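A quick write-up on the structure given underneath.
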Amino acid sequence: TIVGGILVYHVFFSTASSISSNSGIQIQSANLYASPPLLEITVKNTGSVPIQSVTVSVYGSNNGQTQTLISSASVPFSSSYLEPGQSAATTITSSGFSATPVSGEQYTIVVSATAQNGETFTASQTIIAQ
């Protein structure tokens with residue numbers, strides 16, 4: 001009975017600790033400007049694990065075809081990791097764009113993050129270019 005209790009205790013707390021070490025990223029703000037092409041974005045680590053890298057991509061539609069405006073631009077951090085609860089911001093200028101956004105058109109921003117534990121996850125937001 002004692003060994004069974006210890007075994008159940010160990011399994012329960014192992015599962016609870018793996019559940020509590022979740023990962024998450026949130027787009028706090030994003031502004032896309034058409035002229036000159038410019039993206040301002042702020043992301044926040046909403047999980048409990050440090051994030052080691054964040055990339056931003058922007059997609060739109062041109063005559064029914066998916067168009068990539070920005071492909072995998074990095075978001076820099078002030079230290080090696082984006083710690084839980086911390087935010088990071090970046091501005092991507094025209095040199096980071098492969099196509100020019102059109103004012104009034106709708107675009108999708110996709111943020112991809114990789115946590116310190118190797119887990120990857122994404123967040124997306126739809127915005128209208130100004």
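Here the structure is a predicted model, which is why all the values come from computation and not from measurement.
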Co-membership, hydrophobic cluster, residues [X] and [Y], 4.5 Å side-chain:
X: Y33; Y: I41; value: no
X: V111; Y: F121; value: yes
X: Y59; Y: I127; value: no
X: I128; Y: L69; value: no

Of all the heavy-atom pairs spanning [X] and [Y], show the shortest one and how long it is.
X: V49; Y: Q116; answer: CG1-N, 4.1 Å
X: G60; Y: Y107; answer: CA-CD2, 3.5 Å
X: P37; Y: T100; answer: CG-CG2, 3.9 Å
X: F97; Y: I92; answer: CE1-O, 3.5 Å
X: A129; Y: P101; answer: CB-CB, 4.3 Å
X: T68; Y: A99; answer: O-CB, 4.2 Å

List the residues meeting side chain to side chain donor-acceptor pair (under 3.5 Å) with Q52, not counting sequence neighbours, and say none if there are none.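 With sequence neighbours excluded, Q52 shows a side chain to side chain donor-acceptor pair (under 3.5 Å) to no residue whatsoever.
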Polar side chain donor-acceptor pair, Q130 to S103, under 3.5 angstrom: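 There is no such pair between these side chains.
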Looking at [Y], is its backbone amide N or carbonyl O close enough to the side chain of [X] to form a donor-acceptor pair, meaning the two atoms are under 3.5 Å apart?
X: Q86; Y: E83; value: yes
X: S57; Y: S72; value: yes
X: N45; Y: L82; value: yes

Interatomic spacing from [atom1] in [X] to [atom2] in [Y] - rounded to 0.5 Å:
X: F77; Y: S53; atom1: CZ; atom2: OG; answer: 6.5 Å
X: I25; Y: S87; atom1: CD1; atom2: OG; answer: 8.5 Å
X: Q26; Y: T42; atom1: CD; atom2: OG1; answer: 11.0 Å
X: S29; Y: Q125; atom1: OG; atom2: CD; answer: 8.5 Å
X: L39; Y: I109; atom1: CG; atom2: CD1; answer: 5.0 Å
X: E40; Y: T91; atom1: CD; atom2: OG1; answer: 5.0 Å

Is Y81 isolated, or which residues cluster with it under the ILVMFWY side-chain rule of less than 4.5 Å, directly or via members?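 Direct or chained contacts put Y81 with none.
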Could you tell me if the side chain of V75 sits less than 4.5 Å from the side chain of V56, heavy atoms only?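 A side-chain contact exists here, since the closest heavy-atom pair is under 4.5 Å.
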